[in-house]
There are 2 protein chains.
Amino acid sequence: MRSGDKRTTLADVAAEAGVSVALVSIVMRGAPGAGAATRERVQEVAHRLGYQPDSRARLLRSGRSRLLGVVFDVRHPFHHDLLTGLYDAAERAGYQLTLSAVTARRGERTAVGDLLQDRCEAIVLFGGELRSSELASIAARLPVVAMMRGVRRKDVDVVHNDDALGSHQAVDHLVSLGHRRITHIDGDSVHGSVERRTGYQEAMRRHGLDQHIRVIPGGAGEDDGARAAEKLLADPPTAVTVFNDLGATGLLDVLHRNGLRVPGDVSVVGYDDTSLSRLAHIDLTTIAQDVDAMATRAVQRAVERIEGTPTGLRSVIIAPRLVVRGTTGPPAG
Amino acid sequence: MRSGDKRTTLADVAAEAGVSVALVSIVMRGAPGAGAATRERVQEVAHRLGYQPDSRARLLRSGRSRLLGVVFDVRHPFHHDLLTGLYDAAERAGYQLTLSAVTARRGERTAVGDLLQDRCEAIVLFGGELRSSELASIAARLPVVAMMRGVRRKDVDVVHNDDALGSHQAVDHLVSLGHRRITHIDGDSVHGSVERRTGYQEAMRRHGLDQHIRVIPGGAGEDDGARAAEKLLADPPTAVTVFNDLGATGLLDVLHRNGLRVPGDVSVVGYDDTSLSRLAHIDLTTIAQDVDAMATRAVQRAVERIEGTPTGLRSVIIAPRLVVRGTTGPPAG
DNA sequence: ATGAAAGCGCTAACAC
DNA sequence: GTGTTAGCGCTTTCAT
């Protein structure tokens, strides 16, 4: 017996309950226009027959899908947190999510293509490498909301973290502990890197620490942080702000191997509040992006575009917050 | 202007190309039965009009969806690796994947429910907490393949790692390095825990090391590994096999804090080969599950059930392999 | 409050 | 090779 041979349809329920399909449809959707008695009976029959509405047929007929497409990367831990928030936000807005993953062997273009076929009404992109012009060509077909990346186009909505502010928070925290010689490890060409670096520089100036500004080239990986740490060893500062948690982890490791104590000799602040930073033996002070706020705004943006209530502002920037853990403390001496 | 207002349909393309809808359908699917010239012209028009087939309508009509539903947990790093493999395997089999995530605030039942409405033809479940009886009730509606968990039902297919064999590999590796006093940290009630523990015990006996068998209670988290390590300190063995990588990380940390050198004083083997184990400062010897093989077999299983070519065997067990990194070496002395 | 009928975008039989 | 016809399962007028 092949499965799927006999799915229960509206017609089946209607026949069994002795009413018309239209009426069953009304009951199933909870729409007004059916008697209480009928309602109950139909519901009972539907349940008994194990009826499951066919979303495809439903959406085909009603013209809308109420579907939000999401492109995320399975390799990026932060994307998973964001998915959690997005599911909630979508549900609150009365939309469903349809996921399309980017993997090591499945590109962003493929992921977007699938979503387009699924007839979702808007697409939410997490980071990614698509060029602004490509995003624009997608945006010509349906609303696009890009999260955690910049887009030089005004036909694409953008929701992201206030990276500069995050760096300010990190520097402020360190300065309040008494640090003055604070170095920043850069994120190279990764999205947000420029903002985090600039934020660091601004904050340092604001505290009158211009002469202590020092930026070491780095990157998005653990090894980038480790390499940056090597360069620091000759003349270590009392504190370091690192582009992201992964880099901070690499840096911490090199520091430890070289006998430097954290936070005794050097304080370290990461960025992103990934699960890594929460591990007991890392216990990293870091900057947390406000996942729920970002997700909520992204969905709100998408829905506004879908329903034609544009707000004019295409860019939403969410404030992050400092999470103090064990890698920061007052400087020695 | 609301988006989605004017999607190009088959009819539009047909009108523009001056042919019938049916013919366009044939061309778009690459099905036989159309002239080369027509084919080219239709394709040109479709492209020019930016035509995108509507998968919902398509699937509704053809009765099948060629969709495989996947339930994964965003919090589990290993699930992401598996997704990568599953996308490939599905594509090879001519199926598409439709993802439904479990999050901290979105349960497995909800995730499965969505998939059911999407009319996928089979469901692949990663781990999870659903009881066997619940799985059975889903399996009554469509084929279910459960990965990385056991199911005491013969109406559900199971594809998982050979946990016992993995433990054998870990012990064999340590014994070949010269270790005899090898302790196992248990995974408590987590799926696979019993098999990994039993495998350890068997392997020890096989090597005539019965009197060195020692199992410490643990769990799936980093802290469980750390707690287990504390218990070990009084009388540390020369090597430890840990239920999973996360636990091994916690254990390593406690070992280091107490001045024990790895692998000098104690060798450590984890399980799962997660990205964590690959971090330079952890560099954990571990047992890698064969993700691609598992994904391939899971899809194969699902397709067999869908297409009604049952094989009788409902359980597939895949051999893992040892990945030697920096936490194992010969015992001191 | 309920039912009949039309049709969403597409594919599959069957004619020509 | 190409067009015609009939639905897939559902929602949505419009009658009754």
Side-chain angles (χ1 to χ4, degrees), chain A residues 2 4-43 45-46 49-67 96 116-121 141, chain B residues 4-43 45-46 49-67 94 96 116-121 141:
Chain A
R2 297 214 358 216
D5 280 4
K6 44 164 209 287
R7 294 210 91 103
T8 317
T9 74
L10 265 195
D12 298 331
V13 178
E16 178 78 10
V19 292
S20 75
V21 244
L23 203 44
V24 180
S25 170
I26 286 173
V27 174
M28 294 320 293
R29 280 174 296 142
T38 327
R39 216 168 207 113
E40 194 158 340
R41 183 158 41 89
V42 169
Q43 239 138 19
V45 172
L49 265 46
Y51 171 73
Q52 280 274 130
D54 185 324
S55 65
R56 302 199 137 65
R58 207 199 299 250
L59 302 173
L60 173 60
R61 173 62 237 222
S62 55
R64 299 198 44 186
S65 70
R66 297 197 77 85
L67 235 41
Q96 264 197 278
L116 252 28
Q117 288 210 175
D118 281 352
R119 284 292 185 266
C120 50
E121 303 188 42
R141 313 179 58 99
Chain B
D5 279 5
K6 45 166 210 292
R7 294 211 93 101
T8 318
T9 74
L10 265 194
D12 298 331
V13 178
E16 178 78 11
V19 292
S20 76
V21 245
L23 202 43
V24 180
S25 168
I26 287 173
V27 174
M28 293 320 293
R29 281 175 294 143
T38 328
R39 220 171 202 110
E40 194 156 342
R41 184 159 41 90
V42 169
Q43 238 138 19
V45 172
L49 265 47
Y51 171 73
Q52 281 272 130
D54 184 326
S55 63
R56 303 200 132 66
R58 203 187 321 239
L59 302 174
L60 174 60
R61 171 61 235 218
S62 54
R64 300 199 41 185
S65 70
R66 298 198 77 85
L67 234 42
Q96 264 197 277
L116 251 28
Q117 289 210 174
D118 281 353
R119 285 292 185 266
C120 50
E121 303 187 41
R141 313 179 58 98

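First the proteins, then the strands, lettered A, B, ... as listed; each starts at 1.
The nearest pair of heavy atoms linking A:L67 to A:C120 is O-CB, 3.3 Å. Residues A:L23 and A:A34 share a closest heavy-atom pair of CD1-CB, 4.0 Å.
Contacts of B:G63 with the nucleic acid, taken as non-hydrogen atoms under 4.0 Å apart, are absent. Within 4.0 Å of A:G33, counting heavy atoms only, lies at least one base atom of the nucleic acid. Among the heavy atoms of the strands lying under 4.0 Å from B:L23 are primed sugar atoms or P, OP1, OP2 only; no base atom is included. Here B:R29 lies in heavy-atom contact (under 4.0 Å) with sugar-phosphate atoms only. Note on A:A34: only backbone sugar-phosphate atoms sit closer than 4.0 angstrom, heavy atoms only; bases stay farther off. Residue-level contact check: A:T9 touches the backbone only, with heavy atoms under 4.0 Å from sugar-phosphate atoms and none from bases.
Remark: A:S25 is in phosphate contact with D:dT11, judged by side-chain N or O atoms under 4.0 Å from OP1 or OP2. Checking the phosphate oxygens (OP1, OP2) of C:dT2, a side-chain nitrogen or oxygen of A:T38 falls inside 4.0 Å.
If you check distances only, the side chain of B:R61 does reach the base of D:dG7 with a donor-acceptor pair under 3.5 Å.
Per the geometry, CG belonging to B:D12 stands 10 Å off C1' belonging to C:dG9, to the nearest Å. Note: CZ (A:R39) to C1' (C:dT2) measures 12 Å, nearest angstrom. Rounded to whole angstrom, the span from the CG atom of A:L60 across to the P atom of C:dT11 amounts to 12 Å. For the pair B:L10 CG and C:dG7 P, the computed distance is 18 Å after rounding to whole Å. The nearest whole Å value for the distance from the CE atom in B:M28 to the P atom in C:dC10 is 9 Å. Straight-line distance from the CD atom of A:Q52 to the P atom of D:dC10: 11 Å, rounded to whole Å. Rounded to an integer number of Å, the gap from A:Q117 CD to C:dG9 C1' is 13 Å. Atom pair A:I26:CD1 and D:dT12:C1' shows a separation of 9 Å (rounding to whole Å applied).
Taking the P atom of each, C:dC10 and D:dG1 are spaced 24 Å apart, rounded to whole Å.
Listed nucleotides: D:dG1, C:dA4, D:dG9. Nearest to the side chain of A:D54: D:dG9. For B:S62, taking side-chain heavy atoms from C-beta onward, the closest of the listed nucleotides C:dT11, D:dT4, C:dG3 is C:dT11. In the set D:dC10, C:dG3, C:dT11, the nucleotide with an atom closest to the side chain of A:Y51 is D:dC10.
Annotation: side chain of A:L10 is in contact with side chain of A:Y51 (closest heavy-atom distance under 4.5 Å).
A side-chain donor-acceptor contact under 3.5 Å links B:R141 to the backbone of A:G50.
Applying the side-chain contact (heavy atoms from CB on, under 4.5 Å) test between A:T8 and each of A:D54, A:V45, A:L49 identifies A:L49 as the sole match.
Where A:V21 and A:A36 meet DNA chain C, the nucleotide closest to each residue was compared, and A:A36 sits on the side nearer the 5' end.
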- Item | Full working for side chain to side chain donor-acceptor pair (under 3.5 Å) between B:R29 and B:S25 | CA-CA 6 Å; B:R29 281 175 294 143; B:S25 168; 3.1 Å; yes
